[in-house]
Amino acid sequence: MKKPLLTVKDIVQITGITARTLHYYDRIHLFKPAHLTEKGYRLYDRSSLGRLQTILFLRELDFSLKEIADILKLSEQEQKELLKKQRQTLLSKKQRLETIMSALEEYVAGTDISSLPIFNHTSVLPLKEQYANEAKFLYGDTEAYKVFNETLDNLPQDEKAERYSSMEAIFQQIASCIHQPPSSDEVQRLIEEWKKILMQLMKCDAELLACIAHTYKFDARFKNYLNQYGDKDVADFLYNAIMYNLNLEK
């Protein structure tokens, strides 16, 4: 029995591919018909269908059309070796997507973006490192930043973590006092504690403290970070408390 030839319509019905895509594959010489009728209609045989299904499979494996054209020129054994490598690539992408999905869920649930591990496995630096580099760019030439940087470099890792933990504890306590006036004794006591922690890391004059307060209030990233400690605008409250404290010193 003679094997029937398949029309474009037949191929579309069998594979689900669009006629437009089929014509495009023909134009770039990736998948050409086995025969052309006198009227220019494309006809395909069974082996053509097998080639197209291989192309569609490789597309699902995330290969580009150019890569697919090169793969089809390889022997079956060479193709399998290449696909083993692609499997590892896809596994890495799967793990990356799982990390992104987890980070997205954490962010929607309220986690600050600076704490999300979204850049840990790429050439892009983690956000906390980006913030540190930004601070170095803005204040790197100042004496205060140089002292801060040298102090951090000389601190043991556990002591450094303790300082950061102390700062977070201060933010939490300030957030719990948000119902009080920024000028209240309790809030101002906490601001003095905040200053003391900073002073252990750098020489802070009033101008630098005001700059930090301004960053807390107007930089969206720091504002979001601080506001995670309470239901209200902790960043704005902290800004007002710091500025009140600095005005007292004038």
Side-chain angles (χ1 to χ4, degrees), residues 103 106-118 125-250:
E106 289 182 40
Y107 181 69
V108 171
T111 300
D112 182 70
I113 192 171
S114 66
S115 300
L116 300 177
I118 53 177
L125 294 175
L127 282 176
K128 286 186 176 180
E129 204 167 326
Q130 291 184 33
Y131 292 167
N133 287 342
E134 182 179 5
K136 184 176 182 180
F137 178 79
L138 292 172
Y139 308 118
D141 292 334
T142 66
E143 185 63 29
Y145 187 84
K146 291 175 182 176
V147 172
F148 166 73
N149 217 30
E150 290 173 3
T151 304
L152 275 186
D153 287 342
N154 293 327
L155 278 179
Q157 195 62 37
D158 56 345
E159 189 174 343
K160 190 185 300 185
E162 185 180 343
R163 297 287 174 85
Y164 285 131
S165 179
S166 298
M167 187 66 80
E168 289 182 347
I170 290 294
F171 290 150
Q172 289 172 344
Q173 292 177 63
I174 289 174
S176 69
C177 296
I178 201 167
H179 60 282
Q180 300 181 31
S183 59
S184 70
D185 291 343
E186 177 63 15
V187 173
Q188 287 304 306
R189 181 186 67 78
L190 291 170
I191 295 300
E192 289 298 327
E193 288 293 322
W194 170 78
K195 286 167 59 178
K196 186 184 299 183
I197 295 172
L198 281 179
M199 294 292 186
Q200 292 171 348
L201 298 172
M202 66 168 73
K203 295 177 180 178
C204 294
D205 56 17
E207 183 179 359
L208 183 54
L209 291 172
C211 182
I212 294 172
H214 190 276
T215 303
Y216 286 168
K217 179 179 174 68
F218 296 106
D219 188 308
R221 296 159 305 170
F222 286 99
K223 189 177 183 71
N224 290 336
Y225 168 74
L226 290 166
N227 286 348
Q228 72 177 329
Y229 291 106
D231 297 329
K232 297 183 180 180
D233 196 338
V234 178
D236 186 68
F237 180 76
L238 181 55
Y239 168 82
N240 291 328
I242 294 170
M243 297 310 295
Y244 178 84
N245 183 279
L246 294 179
N247 288 329
L248 286 180
E249 294 182 351
K250 289 182 179 179

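Heavy-atom basis, side chains included; hydrogens, waters and symmetry copies ignored. Just so it is clear, the model here is predicted, and its values are computed rather than measured.
The backbone N or O of I170 sits nowhere less than 3.5 Å from a side-chain atom of E193 that would complete a donor-acceptor pair. Side chain of N247 to backbone of M243: a donor-acceptor contact under 3.5 angstrom is found.
When the side chain to side chain donor-acceptor pair (under 3.5 Å) test is applied to Q173, no partner is found at least two apart in sequence or on another chain. Contacts of Q180 classified as side chain to side chain donor-acceptor pair (under 3.5 Å), with partners at least two apart in sequence or in another chain: S184. For Y229, the side chain to side chain donor-acceptor pair (under 3.5 Å) test picks out Y225, with sequence neighbours left out.
The line from OG of S165 to CD1 of I197 is 9.5 Å long, rounded to the nearest 0.5 Å. Here the straight-line distance linking atom CG of N245 with atom CD of E192 works out to 4.5 Å at 0.5 Å rounding. To the nearest 0.5 Å, atom CD of residue E186 and atom CZ of residue R189 are 4.0 Å apart. A distance of 11.0 Å separates CG in D185 from CG in L190, rounded to the nearest 0.5 Å. Rounded to the nearest 0.5 angstrom, L226 CG and I174 CD1 are separated by 9.0 Å. Taken to the nearest 0.5 Å, the CG atom of L238 stands 10.0 Å off from the CG atom of N227.
Residues in residues 231-240 take part in these salt bridge (charged side-chain N to carboxylate O under 4.0 Å, His left out) pairs, two or more places apart or across chains: K217-D236, K223-D233.
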Are F237 and V187 close enough, and set up right, to give a side-chain contact (heavy atoms from CB on, under 4.5 Å), and what steps lead you there? CA-CA 10 Å; F237 180 76; V187 173; 3.7 Å; yes
